[in-house]
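Computed from a predicted model, the values in this text were never measured in an experiment.
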Amino acid sequence: MLRRHELLGVTERAWRTVRNGYPALDGLHGRVGDLVAGWARNGWPVMVRRPAPDDARNAIPAGLPLPPEYGKLRLAFGLPKNPAPARLAPVLLHDARQVAPDAWQPTISLLVRLGELAGSPPRVFGALLWQHLTGLHYLHSQSDLDLLWAVPDRPTAAALLPVLRYLEETAPMRLDGEVLLADGAGVNWRELLEAIERHGGDVLVKTMQGVETRRTSSLFDGNLL
């Protein structure tokens, strides 16, 4: 089962099919049109997203953001299921850090160490991910650092998240992102920390089907995949 934020490889043939089926993509002109037309040729992936009501059922809901200098468009489309696209490994913060600003590096070192201690190396999405993957300029002075933390149980979350909040208080950038649950759903790390500190309650959880409310006490039922 595909999950939100998962990266997929796309062949040039599949990309032609996508562009032919989505006039909004094929109708882009100038530098933006050239960038989108050459996306697969450059070997760049796309990302799985939640389905929209008008998505075709025989396609994988996917998307990609363009960098600010290209209009910061967020493109949504369906990727052909046949042949099945390659599922790519998530990108770790440790591997993407070389394209981050120098001012971020001390905080990144602490975040990587936090992940090692918690047994949950942080994954990246957002601007840092796409700059790492493409070499295009996604990061700017107001960029957040978007992270995904696969957390296996409540004690790990209770230990990791207060430290994450402390690191954000001293960081030059906002630390955004989600804690990933066993079923692939995600919950905002700040909301989960608040729920843990108030000893329960409900949190909003993002799934492939939409957004739902879950009891905090039920979030870590089952084993992390």
Using the rule that Ile, Leu, Val, Met, Phe, Trp and Tyr join whenever any side-chain heavy atoms are under 4.5 Å apart, tell me whether Leu64 and Val99 fall into a single cluster. yes
Using atom types as modelled and distance alone, determine if a side-chain donor or acceptor of Arg19 lies under 3.5 Å from a backbone N or O of Val36. no
Take a 6.0 Å sphere around CG of Asn20 and say whether it holds more than 12 heavy atoms from other residues, nucleotides or ligands. yes
Residues, nucleotides or ligands: over 12 heavy atoms within 6.0 Å of His140 NE2: yes
To the nearest 0.5 Å, atom CH2 of Trp44 lies from atom OG1 of Thr134 at 5.0 Å
Ion pair present between Glu197 and Arg165, side-chain N to carboxylate O less than 4.0 angstrom? yes
Are Glu212 and Lys206 ion-paired here, with the side-chain N under 4.0 Å from a carboxylate O? no
State plainly whether one hydrophobic cluster holds both Trp189 and Tyr166, where clusters connect Ile, Leu, Val, Met, Phe, Trp and Tyr through side-chain heavy atoms under 4.5 angstrom apart. yes
Nearest 0.5 Å please: distance from the CG atom of Leu167 over to the CD1 atom of Ile108. 12.0 Å
Can you tell me how far OG of Ser217 sits from CD1 of Ile196, rounded to the nearest 0.5 angstrom? 11.5 Å
Hey, are Asp153 and Thr156 close enough side-chain-wise for a donor-acceptor pair under 3.5 Å? yes
Using a distance-only test with no angle check, is there a side-chain donor-acceptor pair under 3.5 angstrom linking Gln105 and Arg97? yes
Would the number of heavy atoms belonging to other residues, nucleotides or ligands and lying under 6.0 Å from CZ of Arg198 be above 12? yes
Under 4.5 Å between side-chain heavy atoms, hopping through other hydrophobics if needed: is there a path connecting Leu88 to Leu129? yes
When rounded to the nearest 0.5 Å, the distance separating CG of Leu111 from CG of Leu175 is 5.5 Å
Are there more than 12 heavy atoms of other residues, nucleotides or ligands under 6.0 Å from atom CZ of Arg13? no
